[in-house]
Every structure is written in structure tokens, then in C-alpha cells.
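First the structure, in the form of C-alpha cells, and then the observations on it.
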Amino acid sequence: MKSYDTAKEDQKKKLDFLKKGIQLNYQHHWIIDNMPVVWCRDINGGNKYCTTGFPVGCFVPQSGESSDACFMHHHMACGILVTRPGMDPMLPVMEAQRPPWKNPCGSILKTYLESTTCHHLQHYQLVQDIVILTCYKHVDENHLTCNGTPMEIPGDYTDKLNIIYTYSVKFEENKQIRWGSRWDYILESMSHTSIQWFSILNSFVIVLFLTGMVAMIILRTLHKDIIRYNQEDIQKDYGWKLVHADVFRPPRLGMLLSILLGQGTQVLIMTFITLFLACLGFLSPANRGALMTCSVVLWVLMGASAGYVSAKVYKSFRGLKWKTNFFLTALLCPGVVFVDIFIMNLILWIEGSSSAISFGTLVGILALWFGISVPLTFLGAYVGSFQKFDYPVGTNQIPRHIPHQDFIRRPLFSIIIGGVLPFGCIFIQLFFILNSIWSHQMYIMFGFLFLVFIILLITCSEATILLCYFHLCSEDYHWWWRAFLTSSFTAVYFFAYAVYYFFAKLKITDIASIILYFGYTMIMVLIFFLFTGTVGFFSCFIFISKIYSVVKVD
């Protein structure tokens, strides 16, 4: 039993917080044998829609039956279905029927469970759990009643309030549910498949459009340019061949660009392998935390790739401070992410949240970072410092003058429009991902996500190549940073959409929660910025190296 005495200021604040949570539709999230409790409710067409978690209570406004009242879900009646190990019937899952009684504050919860940890059920495995929420008002803890009026908390309540939390459990053997298909009810109840296919179709159309544009340039325009440039009787160069002696001139801030490319390569490999394993089913939602654990381990092990790429690119830029390059590659971006996570975790500690990362876990992350990732980064940087990319053409000592560029051909305009098409491929998936993080909805369609990820990589590559070719034709050879920023500008649209999602979909008023939302969003934006920019840069580098290797130059 929990008591709230409104005469005491601290207890009155707790009661007000409880009522505010009910008004804002705060949710309980139960995990039973590593399976989330799912709240199912009827929707149009006689179907059921299920989401993880269930509401703390229900709020009735003044226009309802009561005046600004909150009703508490304080009794949970659990009906758990179990099956014997080894029984694997090929029968369909039998859905539980709604109880014959009706309750405006009641609903059904359902989840499939992996295996039991109950001592008296050691010969059984849990396959289904049904929870019925009720809000009946108990007289006292010695006289519990399951009928009568609901448990009401009026908006202007000024007396002492006692809330008695109770539960009941009933175990029942079921021989028709397969333990291996215990997730089927959750998966089949999700009505997002048609929207996911629309997202794939939308992305595929964008890819076809860009592929057609790139193919037209390569097969027609570019082919004709190469034939014309290689003719002996042509005395005057024009177009993109004019800048052949400046196109590989090292850019400004070459060390920073090489660091971002090294970290982007590390994040890209980590993301690709993680999504591929999740697509194959190795990172099942049944294994809580498996996705994040796999990502962290892969990021640590891919430190060598970050050091190698960063050092090799920096060497190609004629850089001499490879040790500084190594330290910044190993510490800059990971340091920004760690500081962000530490600040967010500090806020969770202050707020007393159970989701805060323990101090031991933070120490473990630091140990993985400095004990494994940093040495691997040094190893990769040491190997990469002795290598560099081979350019097909040389570079003049005196830079070539770049003609005046109109507004459409200026870098800022091309960078802004370069991120539109890649973002158009992912914004639907982005909505479901944000829902799974902030609205506690389950995301398990990793096959769709992996396919959209591949389409995103193709779109970033083709959009960058297309815009880079147009700039070279206008004799603008400053392509290094533009190639990186054109595709990575998708992250800016990512952040803009996250801001829209915050104001349109969420009802967050607490300052700590606002800081947490934008803090974790910035981590996702940084990761997105790094790997999309890296894909665009190396696609453009391969394209430029290829076209200048087939033309005759003096």
C-alpha cells in the first residue's frame, strides 16, 4: 500500500507527479523472462494493435464522467500459459478471448516468454502471459474487493489517499503454442508492413532516378568528353580536363578531413556488420542489449581501420604530423560521444532514474576504448603512415584561378540539395526508429532497415558523384570537402526531423528530459554525419581517379 498525505508538501508533490504521469500517458514496462509485456487494444476492422508497455492509469477530463479525475490501474491479474519442453506442435496460436465483463479502464496485455525461472514450474516453459488491468477501489489491504467503483483520484483531492497495489497469477498449461514461435503474436499484430514496403518503393524510385542520371553522364557525356580530349588535333582543353593539374591539390584543413574519414570508416563498417547480423536474426530482440553490445564490440575492434584510413589519407595530403593525426583520430570523435553520454548519464543519476549507466559500466567502456580501440588505432595509423593513394595526374605548383560561379554552382547550394535525396530514402524508417526509442514501440524489422541502409549508401554515392561532375565541368576543383559535406548534409535533415518529431509527437516539458532527448539525438546525428560523408567522399574519389586516368595529359 502506498499512502499520499496532501497535508505534507513532499507527498503532495509525489501525488501531483503521479497524476501528471497519468495525464501524459506514462507507461509501465514489464520484462518477464526477457520478453516485453505487450498492451493490445482493438482497432478498426476488428484487428488488434499491440505496443510494449501499458498505461499507469487513464485520465477523464471534465467533459467525461468525472471532473478532471485520474483512474489508477493498480491491480494486475496475470494469466500465464506454459508448455512442456520438447513439445513442438504445428498448430496455430490460439488467441486469448477478452473477459465477458467490460471496464472503461481495463485492457488486455499479452507477451510470449522464453523460459521460466519459477522453482515450482521447473519442468515447464512460459509461452504466453495475459495481464488484465483493473482499477477497482479496495476498501483496505485486509478486505480486497474486485468489484464496485473504480479507483479514482480527483483533480482537487485534498485528503489522505491510500493506493493498494495488488496482483494475482494463474498458471495454465497450453499444448498448442510453440515455444519457438512465442514472438509471433507480437510480430503479426504490428500493422507497419505496408508502410515499410512503401518506404522501400520510395527509396527504390529515388535510386533509379539517380542511377539513370549517373549512367547518362558516364555512358554518354563522359564517354564523349574522353574521346574528344584524347584526339590529337584538339589543341585547347575545356571542361573538366582543364583542372587536371589541380584536381588532386591537397585541401585546407586536411588533417581534420582525414580524421573524420577515419572515424567514418570505423562507424560505417560497424553499422554494416551490425545490421547484417540483425538481418540474419543473430541479434534477436529476445536477447536484450545484444544490438548495442554488438555495436560497441565492433566499434572497438574496427579501431585499426580508422587509424589506417586516417593516416593514409593524411599522408596523401602531404601531411607530416602523423602522430598528431593518430591521437586526434583515436580521441576526437569518441571523446565527444563519451562526454555527451557522461553528461546525459549524470542527469539520469541526479534524477534517480533506473536507466542510468552504472559507474562500473562507464569504467568498462573506458577500458575498452583505451585498452583495445586506441592501440588498434595506433597499429592502423602506423601501417597507413607508410602508404598513400596514387593519383593518376600530377599537380602544378601554382594553383589555377577558379572562374566566377553563379549561385546554383556555389558549394553551399550543392551541399544543401545534395542531402535531400538521401534523406528522402530514410525518413520513413527514421520515424519508426524514433518511435522505438522515445515512444517505447518495438522495432524488429531489421530486414527492411538493412535494405534501406544499402539504398542510402547508393544514393549518397550517386548524388555526390553527380554534383561533383557538374562542379568539375565549371572548373571548380575544390571537391575534397564538398564531396564529404554533400552526402553528410543528410545528417542536418536528420536533426531537423528530430526537432520536428520532438515538438509534433512528444509531450516533454521537463528540462532534464529535453536535454536527454537532444543529447542522445546529437550522438545519432554525429554517427550519421560521419558514415554518410565517408561514403560520399570515397565514391567521388574513385570516380575522379577513374576519369582522369583515361585522358591524355601533357
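Because only heavy atoms are used, hydrogens play no part in the values below, and waters and symmetry mates are left out as well, while side chains stay in.
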Would you find a donor on one side and an acceptor on the other, under 3.5 Å apart, between the side chain of [X] and the backbone of [Y]?
X: S414; Y: P411; value: yes
X: Q263; Y: A306; value: no
X: T377; Y: G303; value: yes
X: S487; Y: T532; value: yes
X: D476; Y: H471; value: no
X: S310; Y: G307; value: no

Discussion item. Students often mix this up, so state it plainly: with edges at 30° and 60°, are the rings of F538 and F389 parallel, tilted or perpendicular?
Written reply: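 Tilted: the ring planes of F538 and F389 meet at 30° to 60°.
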Worksheet item: How are the rings of F453 and F272 set relative to one another: parallel (under 30°), tilted (30 to 60°) or perpendicular (over 60°)?
Response: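 It falls in the tilted class, 30° to 60°.
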Rounded to the nearest 0.5 Å, what separation is found between the [atom1] atom of [X] and the [atom2] atom of [Y]?
X: D340; Y: L526; atom1: CG; atom2: CG; answer: 9.0 Å
X: Q266; Y: M302; atom1: CD; atom2: CE; answer: 8.5 Å
X: L449; Y: I454; atom1: CG; atom2: CD1; answer: 10.5 Å
X: L485; Y: W480; atom1: CG; atom2: CH2; answer: 14.5 Å
X: I547; Y: C468; atom1: CD1; atom2: SG; answer: 7.5 Å
X: L430; Y: F423; atom1: CG; atom2: CZ; answer: 6.0 Å

Counting only heavy atoms not in [X] (residues, nucleotides, ligands), do more than 12 fall under 6.0 Å from its [atom1]?
X: F276; atom1: CZ; value: no
X: K315; atom1: NZ; value: no
X: F413; atom1: CZ; value: yes
X: F327; atom1: CZ; value: no
X: N396; atom1: CG; value: yes

Below 4.5 Å, heavy atoms only, C-beta onward: do [X] and [Y] meet side chain to side chain?
X: M524; Y: I437; answer: yes
X: I417; Y: L467; answer: yes
X: T464; Y: F543; answer: no
X: F338; Y: L366; answer: yes
X: F432; Y: F448; answer: no
X: W369; Y: L331; answer: yes
X: I365; Y: I341; answer: no

Worksheet entry | Pair listing, salt bridge (Lys or Arg N to Asp or Glu O under 4.0 Å) test, anchored in residues 364-387, at least two apart |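 As it turns out, there is no salt bridge (Lys or Arg N to Asp or Glu O under 4.0 Å) pair with a partner in residues 364-387 once direct neighbours are skipped.
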Worksheet entry | With L268, the side-chain contact (heavy atoms from CB on, under 4.5 Å) member among L457, I273, L530 |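 Of L457, I273, L530, side-chain contact (heavy atoms from CB on, under 4.5 Å) with L268 is met by L457 alone.
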What pair of heavy atoms forms the shortest contact from [X] to [Y], and how long is it?
X: P422; Y: T490; answer: CB-OG1, 3.4 Å
X: L277; Y: C294; answer: CD1-SG, 3.9 Å
X: L320; Y: Y314; answer: N-OH, 3.5 Å
X: S295; Y: T274; answer: OG-CG2, 3.5 Å
X: T521; Y: Y517; answer: OG1-O, 2.6 Å
X: W479; Y: C540; answer: CE3-SG, 3.8 Å

Item to complete: For the pair K388 and F317, evaluate side chain to side chain contact (heavy atoms under 4.5 Å, CB included) and give the outcome as yes or no after the intermediate values.
Response: CA-CA 9 Å; K388 64 178 181 179; F317 291 161; over 6 Å; no
Discussion item. Before you tell me yes or no, could you show the steps for F342 and I357 under side chain to side chain contact (heavy atoms under 4.5 Å, CB included), namely the whole-Å CA-CA distance, both residues' side-chain angles and the distance that decides it to 0.1 Å?
Written reply: CA-CA 9 Å; F342 181 78; I357 302 175; over 6 Å; no
Practice prompt. May I ask you to check whether F531 and F528 place their ring centres under 6.0 Å from each other?
Written response: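 Yes; F531 has its ring centre under 6.0 Å from that of F528.
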Worksheet item: Taking the six-membered ring for Trp, are F326 and F378 ring centroids under 6.0 Å apart?
Response: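 Ring-ring flag for F326/F378: true, centres closer than 6.0 Å.
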Worksheet entry | Residue that, paired with F484, satisfies ring pair (Phe, Tyr, Trp, His ring centres under 6.0 Å) out of F529, F489, F537 |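 When ring pair (Phe, Tyr, Trp, His ring centres under 6.0 Å) is applied between F484 and each of F529, F489, F537, only F529 qualifies.
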Worksheet item: Name the one of W438, Y520, F518 that satisfies ring pair (Phe, Tyr, Trp, His ring centres under 6.0 Å) with F502?
Response: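 Testing F502 for a ring pair (Phe, Tyr, Trp, His ring centres under 6.0 Å) against W438, Y520, F518 leaves exactly one candidate, F518.
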Practice prompt. Mind running side chain to side chain contact (heavy atoms under 4.5 Å, CB included) on Y391 and S316 for me, showing each step along the way?
Written response: CA-CA 9 Å; Y391 300 145; S316 302; 3.4 Å; yes
Review item, side-chain donor-acceptor pairs of residues 253-262, under 3.5 Å, at least two apart:
residue: S258; atom: OG; partner: G254; partner atom: O; Å: 3.3
residue: S258; atom: OG; partner: M255; partner atom: O; Å: 2.6
residue: S258; atom: OG; partner: N325; partner atom: ND2; Å: 2.9

Item to complete: Kindly determine whether M344 and I523 satisfy side chain to side chain contact (heavy atoms under 4.5 Å, CB included), including the steps that lead there.
Response: CA-CA 11 Å; M344 300 302 103; I523 295 177; 5.7 Å; no
